[in-house]
Q: 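What follows is a structure written as structure tokens; I'll ask about it next.
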2 protein chains.
Amino acid sequence: MLYTIGDVSEKTGLPAPTLRYYDKEGLLPFVNRGNGGIRKFQDTDLEWLRMIECLKASGLQIKDIKRYIDLTVQGDSTIEERRKMFYKQIERVKRDMWALQNTLDMLTYKCWLYDTAAALGSVEAVKEIPLGEMPENIRKLKEKIAKTHCSSFRKCGEGSGK
Amino acid sequence: MLYTIGDVSEKTGLPAPTLRYYDKEGLLPFVNRGNGGIRKFQDTDLEWLRMIECLKASGLQIKDIKRYIDLTVQGDSTIEERRKMFYKQIERVKRDMWALQNTLDMLTYKCWLYDTAAALGSVEAVKEIPLGEMPENIRKLKEKIAKTHCSSFRKCGEGSGK
DNA sequence: TCTTGCGTTAAAGTGAACTTTAAAACAAGA
DNA sequence: TCTTGTTTTAAAGTTCACTTTAACGCAAGA
């Protein structure tokens with residue numbers, strides 16, 4: 001089964017110019033061309049695109065993804081480097097998830113705050129509520145947020161470099 | 001306790017020019033100035049910066065964060081809009097975490113694949129292993145990844161706009 | 001008093017990942 | 001064959017969030 005760039009765009013949700021951009025950056029060396037120079041995508045190419053999206057979601061830049069593609073093209077001699085790359089990305093994604101969980105804690109607390117402020121008519125009134133009168137889950141959330149405090153700056157879950 | 005921009009930079013890990021940039025973009029309307037025009041940060045300002053970092057981590061752009069700051073400055077009449085904003089961000093962060101979990105699944109599978117390829121000496125050899133001979137957790141992972149397949153394109157956990 | 005090291009600003013530059021434009025070639029149906 | 005819609009390319013433009021530069025001012029210690 002062969003697909004044009006328009007088909008692939010529709011299937012993946014990626015704009016056709018983005019697919020061409022990926023190709024230009026060397027991310028799609030396996031995509032064949034018809035005799036008029038028109039790209040002919042296969043189902044395996046869609047798999048590659050899924051992998052590319054996954055690596056992007058894990059925080060890799062285009063040039064890092066190209067590096068992976070290049071390694072793959074080189075074959076079995078690069079297994080070890082690719083293996084290391086995936087282990088590294090796992091660590092990064094775990095850090096990102098931890099950071100997102102902290103963010104979620106903060107947002108959840110704020111939702112309670114604004115729910116209560118909406119009910120009381122003022123934000124100040126909420127800030128005057130003693131810890132003892134807050135719902136227990138909110139109190140625990142506050143404590144957790146306070147603990148994370150120190151580590152929340154000094155970017156623990158960031159960094160786009162290698 | 002008052003801090004210079006250098007102190008705050010050190011405490012937060014944010015470069016001083018970044019703090020000035022935030023200020024210029026209207027994210028720090030509450031920071032006072034000394035008579036030489038020098039910024040005097042307070043502990044409450046550090047709290048604001050934490051909140052800004054949190055909102056950034058939740059996927060808001062600078063201009064959206066400014067909107068939140070502006071609403072806060074306007075006072076209690078904007079409680080409802082702020083409340084809605086936080087609920088919306090919670091939904092977004094949950095989607096992002098779900099997407100990261102899928103990414104993690106894929107990376108975990110790939111780690112197994114390259115571990116095994118390293119042991120066998122070739123990637124092809126791994127691809128020939130029948131499902132029945134894979135470790136159960138890997139088999140389950142593969143199934144989960146296959147299910148996610150369809151939804152993995154058509155960006156379920158992205159979009160930076162409103 | 002002079003130097004050093006902070007602070008200030010406006011403005012220009014950067015890097016990443018697209019996105020848009022323009023001009024031309026192709027492919028399929030009437 | 002002609003038309004219409006899709007494809008091709010190179011190149012320029014866009015957006016975001018900084019980052020760097022340049023020129024200048026204040027304040028404390030030698």
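Computed from a prediction, not measured in an experiment: that's the story for all the values here. We name chains A, B, ... by the order of the sequence lines, and we start the count at 1 in each one.
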Q: Does the pair Arg95(A)/Glu91(A) count as a salt bridge with the N-to-O cut at 4.0 Å?
A: no
Q: Please confirm whether the shortest side-chain N or O distance from Arg20(A) to OP1 or OP2 of dT6(D) is below 4.0 Å.
A: no
Q: For Arg92(B) and Gly59(B), indicate whether the former's side chain and the latter's backbone hold a donor-acceptor pair under 3.5 Å.
A: yes
Q: When you match Ala16(B) and Ile38(A) each to their closest nucleotide on DNA chain C, which lands nearer the 5' end?
A: Ala16(B)
Q: Take atom NZ of Lys40(A) and atom P of dA27(C), then tell me their distance rounded to the nearest Å.
A: 7 Å
Q: Does a side-chain N or O from Asn35(B) land closer than 4.0 Å to OP1 or OP2 of dC26(D), or not?
A: no
Q: Please give, in whole Å, the distance from dA28(C) P to Asp7(A) CG?
A: 12 Å
Q: Could you state the atom-to-atom distance from CG of Leu2(B) to C1' of dC6(C) in whole Å?
A: 17 Å
Q: Please give, in whole Å, the distance from dT6(D) P to Leu19(A) CG?
A: 16 Å
Q: Measure from the side-chain N and O atoms of Thr18(A) to the backbone N and O of Leu14(A), and report whether any donor-acceptor pair falls under 3.5 Å.
A: no
Q: Looking at Leu2(A), is its backbone amide N or carbonyl O close enough to the side chain of Gln42(A) to form a donor-acceptor pair, meaning the two atoms are under 3.5 Å apart?
A: no
Q: For Leu28(A) and dA17(C), give me the distance from atom CG to atom P, rounded to whole Å.
A: 15 Å
Q: Checking the side chain of Thr4(A) only, and the main-chain atoms of Asp7(A) only, is there a donor and an acceptor separated by less than 3.5 Å?
A: yes
Q: By the 4.0 Å heavy-atom rule, please label Gly6(A) as base, sugar-phosphate, or nothing.
A: sugar-phosphate
Q: Think Arg39(B) has a side-chain N or O under 4.0 angstrom from the OP1 or OP2 of dG7(C)?
A: no
Q: What's touching nucleotides 16-24 of chain D from the protein side, N or O pairs under 3.5 Å?
A:
residue	atom	partner	partner atom	Å
dC16(D)	OP1	Lys63(B)	NZ	3.2
dA17(D)	OP1	Ile62(B)	N	3.4
dA17(D)	OP2	Ile62(B)	N	3.4
dC18(D)	OP2	Tyr22(B)	OH	2.9
dC18(D)	OP2	Lys56(B)	NZ	3.3
dT19(D)	OP2	Thr18(B)	OG1	3.1

Q: Before giving the answer on side chain to side chain donor-acceptor pair (under 3.5 Å), spell out for Thr108(B) and Asp105(B) the whole-Å C-alpha distance, their side-chain angles and the decisive distance to 0.1 Å.
A: CA-CA 5 Å; Thr108(B) 303; Asp105(B) 289 342; 5.4 Å; no
Q: Please give, in whole Å, the distance from dC18(C) C1' to Lys66(A) NZ?
A: 18 Å
Q: Does any part of the side chain of Asp76(A), heavy atoms only, come nearer than 4.5 Å to the side chain of Ile79(A), both counted from C-beta?
A: yes
Q: Out of dT9(D), dT7(D), dT9(C), which has the shortest distance to the side chain of Arg33(B)?
A: dT9(C)
